[in-house]
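Everything below concerns the one structure shown next.
Residue numbering restarts at 1 for every chain, and letters A, B, ... go by the order of the sequence lines.
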2 protein chains.
Amino acid sequence: MRYLIFLGWIMEIYKNEKRQSYLKEYSIAQLFSFPIEEFIEVHEYKRDEWIIQEGMRPDFLFYVIEGKAKTYVTHQNGKVSLINFINANDYIGEMELLHEVYNTKGIQTSTKTICFALPFHRYRAQMLEDAKFLRELTKFLSIKATKFSAKYSQSLAFPLENRLADFILQTADGEVYKEKHVTVCDFLGVSYRHLLHVLAQFCDKGYLQKEGRHYRIQQHNSLYELAEMLRNK
Amino acid sequence: MRYLIFLGWIMEIYKNEKRQSYLKEYSIAQLFSFPIEEFIEVHEYKRDEWIIQEGMRPDFLFYVIEGKAKTYVTHQNGKVSLINFINANDYIGEMELLHEVYNTKGIQTSTKTICFALPFHRYRAQMLEDAKFLRELTKFLSIKATKFSAKYSQSLAFPLENRLADFILQTADGEVYKEKHVTVCDFLGVSYRHLLHVLAQFCDKGYLQKEGRHYRIQQHNSLYELAEMLRNK
DNA sequence: CCAAAAATATGAGATATCTCATATTATTGT
DNA sequence: ACAATAATATGAGATATCTCATATTTTTGG
């Protein structure tokens with residue numbers, strides 16, 4: 001169980017030439033049928049900074065230009081769930097765009113992250129009338145819904161062994177698994193202790209070999225078979 | 001663990017006056033900016049019939065007019081997950097509308113169900129250009145994504161006790177809980193045995209009292225407190 | 001560079017949940 | 001109306017996962 005710490009508000013807003021150069025280089029004009037650049041803000045967040053704090057409704061629809069972030073929710077029993085990884089070209093705040101009442105999740109960067117911030121009060125009405133924008137947002141949300149429903153049913157139907165094997169293969173850097181345990185146990189929804197326990201089993205069985213804090217994949221195929229069990233019939 | 005049985009294909013298509021009367025009485029013209037009625041089919045499915053079989057891509061976007069249905073997925077280990085309850089005014093097949101490649105889930109009715117069936121080949125292109133339709137579909141999907149992500153994180157953060165209390169309060173008919181155990185254990189993702197075990201605990205503690213196959217709620221407040229634990233901070 | 005905080009690591013006992021076996025009762029198709 | 005099937009019910013042992021305790025190592029802020 002972890003507690004999330006507020007690290008302070010140090011987000012930087014790019015102005016003038018710096019702003020212009022980002023708007024030009026990473027133009028998102030093609031996502032809309034109407035001119036979008038005038039009121040876009042370009043925000044830079046440092047590593048581990050909160051883009052949105054849990055429960056604080058944002059005033060912007062964000063579009064991630066570069067960097068990575070995580071969506072967190074805190075439960076009443078003190079447990080924390082990492083419910084999603086966010087990458088470049090993802091939206092943030094689309095739930096609040098669509099719903100007046102919404103339990104806003106916390107968003108924390110895991111690397112320096114640059115976002116376009118589109119003010120709701122300027123653009124909300126036009127966005128909700130724009131078929132081009134809505135079509136892509138619909139696809140984005142449909143993928144999200146599919147992903148969550150898959151994770152949900154898999155988490156209940158399979159032990160950690162299978163889900164961890166899948167996660168290792170998805171995140172391995174070449175043949176080496178390097179993720180931080182504290183992040184992974186929040187993501188896979190298991191205790192730190194149990195995660196380490198199953199990793200140790202994988203080592204015992206020869207699937208992985210520990211190298212300092214990292215793990216080298218020794219039997220890719222065994223992990224693959226465990227992960228494949230998650231796929232539907 | 002349950003196995004899903006195919007009960008045969010006996011869906012009925014309403015024609016002529018019967019079709020017309022449904023189109024008139026339950027008009028969905030307001031969901032689109034273009035005329036939609038010409039090629040709509042009106043389908044009636046009997047109780048327990050499959051509207052879509054797992055893995056069989058549908059040719060229609062369905063809109064449920066009356067009745068109830070369930071979305072099922074079968075895992076490789078033989079476990080079955082009931083991932084969603086479908087009611088009147090829900091869409092079915094929207095994933096296939098949006099994605100060429102999609103692992104189609106099975107949809108089975110739990111009561112007689114009547115749907116409007118909108119042929120993809122007639123309407124897909126227009127739908128994907130229609131802001132009015134897309135806006136509502138976006139909301140529908142955003143709610144679905146939120147629901148799944150909540151269920152996911154809750155299922156990992158809380159024992160069955162809390163999730164079952166919530167489910168009982170949500171589905172109770174007045175003060176009596178009447179759901180079928182075999183359905184509920186697929187939905188909550190636990191074994192039949194364990195579901196019965198926790199129900200028995202609730203009876204021991206005096207939260208419920210067994211009445212034949214049903215359970216009368218005796219301590220609403222105790223159940224409520226258990227369920228409230230699921231809400232986020 | 002140091003103290004504090006965070007992350008890693010491991011043991012041991014508790015508990016939530018699963019699997020399997022076996023009856024009994026209710027529902028369904030013919 | 002009866003046989004087959006599905007649903008309910010309960011026991012007992014196995015296992016997946018959690019909690020708590022404690023130690024070591026790494027990272028971080030000032």
> Could you state the NE2-C1' distance from A/His214 to C/dT8, rounded to the nearest angstrom?
Replying inline: 12 Å
>> Would you say A/Lys180 places a side-chain N or O within less than 4.0 Å of OP1 or OP2 belonging to C/dA6?
In response: no
> Between the main-chain N or O of A/Tyr72 and the side-chain N or O of A/Gln108, is there a donor-acceptor pair closer than 3.5 Å?
Replying inline: no
>> If you assign B/Tyr215 and A/Pro159 each to the DNA chain D nucleotide with the nearest heavy atom, which residue ends up on the more 5' nucleotide?
In response: B/Tyr215
> Atom CG of A/Asn77 and atom P of D/dT17: how far apart are they, to the nearest Å?
Replying inline: 18 Å
> Rounded to whole angstroms, how far apart are NE2 on B/His181 and P on C/dT27?
Replying inline: 13 Å
> Once you round to the nearest 0.5 Å, how far does CD of A/Glu44 lie from NZ of A/Lys18?
Replying inline: 5.5 Å
>> Salt bridge check, A/Asp166 against A/Arg231: does any charged N sit closer than 4.0 Å to a carboxylate O?
In response: yes
Taking only nitrogen or oxygen atoms into account, show me every contact under 3.5 Å that the protein makes with nucleotides 11-13 of chain D, one pair per line with its distance.
residue: D/dG11; atom: N7; partner: B/Arg193; partner atom: NE; Å: 3.0
residue: D/dG11; atom: N7; partner: B/Arg193; partner atom: NH2; Å: 2.9
residue: D/dG11; atom: O6; partner: B/Arg193; partner atom: NE; Å: 2.9

> B/Ile52 versus B/Phe62: any side-chain heavy-atom pair under 4.5 Å?
Replying inline: yes
> If only atom types and distance count, is the side chain of B/Thr109 paired as donor or acceptor with the main-chain N or O of B/Lys46 below 3.5 Å?
Replying inline: yes
>> Pairing donors with acceptors under 3.5 angstrom, does anything connect the side chains of A/Glu96 and A/Thr104?
In response: yes
> Quick one: A/Leu156 CG to C/dT19 P, roughly how many Å, whole number?
Replying inline: 12 Å
> In whole Å, what is the span from the OH atom of B/Tyr177 to the C1' atom of D/dT8?
Replying inline: 13 Å
> Any side-chain N or O of A/Lys79 less than 4.0 Å from the OP1 or OP2 oxygen of D/dT19?
Replying inline: yes
> Short question: side chain of B/Thr113, backbone of B/Tyr45 - any donor-acceptor pair under 3.5 Å?
Replying inline: no
>> Could you work out how much the helix from C/dC1-D/dG30 to C/dT30-D/dA1 bends, comparing the axis of its first five pairs with that of its last five, to 10°?
In response: 70°
Are there any protein N/O atoms within less than 3.5 Å of an N/O atom in nucleotides 23-26 of chain C, and if so, which ones and at what distance?
none

>> Which residues in residues 195-204 of chain A have a heavy atom closer than 4.0 Å to any atom of DNA chain D?
In response: none
>> With the threshold set at under 4.0 Å for non-hydrogen atoms, list the residues of residues 162-175 of chain B touching DNA chain D in residue-number order.
In response: none
>> Taking B/Gln218's backbone N and O only, do any of them form a donor-acceptor pair with B/Gln209's side chain (distance below 3.5 Å, no angle check)?
In response: no
> Of all the nucleotides listed (C/dT17, C/dT8, D/dT17), which has the minimum atom distance to the side chain of A/Leu160?
Replying inline: D/dT17
> Donor-acceptor pair, B/Asn232 side chain versus A/His75 backbone, under 3.5 Å?
Replying inline: no
>> What is the distance, to the nearest angstrom, from the NZ atom on A/Lys210 to the C1' atom on C/dA7?
In response: 12 Å
>> A/Tyr63 and ring pair (Phe, Tyr, Trp, His ring centres under 6.0 Å): which single residue from A/Tyr91, A/Phe116, A/Tyr22, A/Tyr26 fits?
In response: A/Tyr91
>> Check for me whether B/Lys151 meets the cation-pi criterion with B/Phe187, that is, NZ or CZ under 6.0 Å from the six-membered ring centre and within 45 degrees of the ring axis.
In response: yes
> Between the side chains of A/Glu225 and A/Asn221, does any donor sit under 3.5 Å from an acceptor?
Replying inline: yes
Set out, line by line, the N/O atom pairs under 3.5 Å between protein and nucleotides 28-30 of chain C.
residue: C/dT28; atom: OP1; partner: B/Arg47; partner atom: NH2; Å: 3.3

> For the pair made of OH in A/Tyr192 and C1' in C/dA6, what is the distance, rounded to whole Å?
Replying inline: 10 Å
> Closest to the B/Ser191 side chain: D/dT10, C/dT19, C/dA7?
Replying inline: C/dT19
> Rounded to the Å, how far apart are B/Gln108 CD and D/dA6 C1'?
Replying inline: 13 Å
